[in-house]
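Input: a single structure, listed below in structure tokens.
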Amino acid sequence: MDASPVSSETELQDEGAVPSDEPSRSAGRSVLWIPAIFLAATFTLYNLSTNFPEHHSTANSTLTFPSSIEELNKLASLLRLYKTNHFGYVLMLFCCAYLYKQTFAIPGSVFMNLLAGAIFGTMIGFPLVCFLTASGATFCFLLSHNFGKSYIQRYFPDKVNFFHKKVEENLDGLFFYLLFLRLFPVSPNWFMNMVAPIIGIPVHLFFMSVLIGLMPYNFICVRTGCMLSEIASLEDVFTPAIMVQLVVLAVVALVPGLVIKKIHSSRLAARTRAEKSQ
């Protein structure tokens, strides 16, 4: 997939990404939509999680985001009971909760991926979380694009500048570079979701790079979630061997981009020499 040239929407100054000191009045007003949307989404998710169908085993049960393996096991057991008679409700609740976390860059996606495996199994859980990951990241992308540009530029100028330079250096193989970033196990995915529209990443490349680039990570989590009772901690999910495999995949994904960049540079050099010889 060839990347189209990255637009200069960010109005980078002198190869930097530092905006003016004060955001415009319109930007100041527009950013208020983010907490408004967050509150609306929180209210919706709260109502959905508290008005669940009656079940004989849920008299004293509450649905909350898990923050430990122990909490995850309890929640998985509860939702598996629900799924028998209320599959549609469990599916809708899971999708809404997952999109909520991804859209607002809330940590804990690993628990949601494990939960998907525990509830739905690999055959359903894996494609489901791949789609939800890409969709939620794209919603975060759109929030940043429409409401948060000036503030991200203002408070994270060095990081924005860093990513902008990297994108400029890899324009010829942009899609493969984006895949590399997603495959690399320690990349700051939450920040990349927010900075992507600022440095001009096209939304279709962004969506596909998240969808494909996070597949290995999602598969590992979902597959492990199918054996949730055997997990004692997150260290059992991301072993050193697994981390090495992810790094190797990231490097492999970067190779096509480097090859394309090399070919483009060679053609450009040959064209320059030809023009000089005329």
Side-chain angles (χ1 to χ4, degrees), residues 1 3-4 6-7 9-10 31 33-35 37-38 40-42 44-45 65 91-117 125-149 151-153 156 159-160 162-164 166-167 170 174-222 225 238 246 249-250 253-254 257:
M1 301 174 70
S4 58
V6 176
S7 63
E9 295 179 39
T10 53
V31 77
W33 279 103
I34 295 179
I37 294 171
F38 176 77
T42 302
T44 301
L45 185 60
F65 285 115
L91 179 63
M92 180 172 62
L93 177 63
F94 179 83
C95 290
C96 290
Y98 202 108
L99 290 174
Y100 179 84
K101 272 185 167 288
Q102 287 292 107
T103 301
F104 300 107
I106 300 173
S109 64
V110 60
F111 289 111
M112 298 301 294
N113 289 346
L114 290 169
L115 184 61
F126 172 58
L128 178 64
V129 298
C130 287
F131 177 75
L132 292 175
T133 299
S135 299
T138 302
F139 291 155
C140 184
F141 175 105
L142 294 174
L143 279 180
S144 175
H145 174 72
N146 289 293
F147 308 120
K149 278 186 176 182
Y151 285 86
I152 294 173
Q153 288 176 316
F156 302 99
K159 290 183 178 181
V160 173
F162 172 79
F163 278 107
H164 177 261
K166 289 299 182 181
V167 166
N170 292 274
L174 180 58
F175 179 72
F176 296 105
Y177 179 69
L178 294 177
L179 278 185
F180 163 77
L181 290 177
R182 296 297 177 173
L183 286 164
F184 199 73
V186 294
S187 293
N189 286 299
W190 64 274
F191 186 75
M192 289 191 294
N193 295 343
M194 293 189 290
V195 79
I198 297 173
I199 58 179
I201 302 296
V203 67
H204 67 283
L205 285 185
F206 175 84
F207 180 90
M208 292 305 300
S209 66
V210 176
L211 180 69
I212 299 173
L214 289 180
M215 276 186 176
Y217 167 82
N218 288 336
F219 179 76
I220 291 167
C221 293
V222 172
F238 298 105
L246 290 175
L249 281 174
L254 190 60

Response to the item:
T44 meets the side-chain contact (heavy atoms from CB on, under 4.5 Å) criterion, sequence neighbours left out, with none
Discussion item. Before you tell me yes or no, could you show the steps for F206 and L178 under side-chain contact (heavy atoms from CB on, under 4.5 Å), namely the whole-Å CA-CA distance, both residues' side-chain angles and the distance that decides it to 0.1 Å?
Written reply: CA-CA 8 Å; F206 175 84; L178 294 177; 5.7 Å; no
Item to complete: Using side-chain contact (heavy atoms from CB on, under 4.5 Å) as the criterion, list what pairs up with P185, not counting sequence neighbours.
Response: M243, L246, V247
Worksheet item: Does the ring centre of F176 sit less than 6.0 Å away from the ring centre of F180?
Response: no
Practice prompt. Kindly write out the residues that satisfy ring pair (Phe, Tyr, Trp, His ring centres under 6.0 Å) with F163, not counting sequence neighbours, or none if the list is empty.
Written response: F191
Practice prompt. Sort and list the pairs that fulfil side chain to side chain donor-acceptor pair (under 3.5 Å) and have at least one residue in residues 175-184, not counting sequence neighbours.
Written response: R182-N189, R182-N193
Item to complete: Applying side-chain contact (heavy atoms from CB on, under 4.5 Å), run through M194 and F156 and close with a yes or a no.
Response: CA-CA 11 Å; M194 293 189 290; F156 302 99; 5.7 Å; no
Worksheet item: Are any of the side-chain heavy atoms of V210 and T138 separated by less than 4.5 Å?
Response: no
Discussion item. Any side-chain to backbone donor/acceptor pair from S144 onto C140? Under 3.5 Å, distance only.
Written reply: no
Practice prompt. Would you please test M192 and L181 for side-chain contact (heavy atoms from CB on, under 4.5 Å) and show each step?
Written response: CA-CA 9 Å; M192 289 191 294; L181 290 177; 3.7 Å; yes
Practice prompt. Heavy atoms only: give me the nearest N170-K166 pair and the separation to one decimal.
Written response: ND2-O, 2.7 Å
Discussion item. Can you list everything that forms a side-chain hydrogen bond (donor to acceptor under 3.5 Å, both in side chains) with S187? Sequence neighbours excluded, please.
Written reply: none
Do any side-chain atoms of residues 102-111 form donor-acceptor pairs under 3.5 angstrom with protein atoms, and if so which ones, sequence neighbours left out?
unit_1: Q102; atom_1: NE2; unit_2: T133; atom_2: O; d: 3.4
unit_1: T103; atom_1: OG1; unit_2: L99; atom_2: O; d: 2.6
unit_1: S109; atom_1: OG; unit_2: Y217; atom_2: OH; d: 3.4

Practice prompt. Before giving the answer on side-chain contact (heavy atoms from CB on, under 4.5 Å), spell out for I201 and L174 the whole-Å C-alpha distance, their side-chain angles and the decisive distance to 0.1 Å.
Written response: CA-CA 9 Å; I201 302 296; L174 180 58; 4.2 Å; yes
Worksheet item: Under the ring pair (Phe, Tyr, Trp, His ring centres under 6.0 Å) test, which residues partner F162, sequence neighbours left out?
Response: none
Worksheet item: Going by the angle between their ring planes, with limits at 30° and 60°, are F94 and Y98 parallel, tilted or perpendicular?
Response: tilted
Discussion item. My understanding is that only residues two or more places apart in sequence, or in another chain, count here; which of them pass side-chain contact (heavy atoms from CB on, under 4.5 Å) with I34?
Written reply: V31, F147
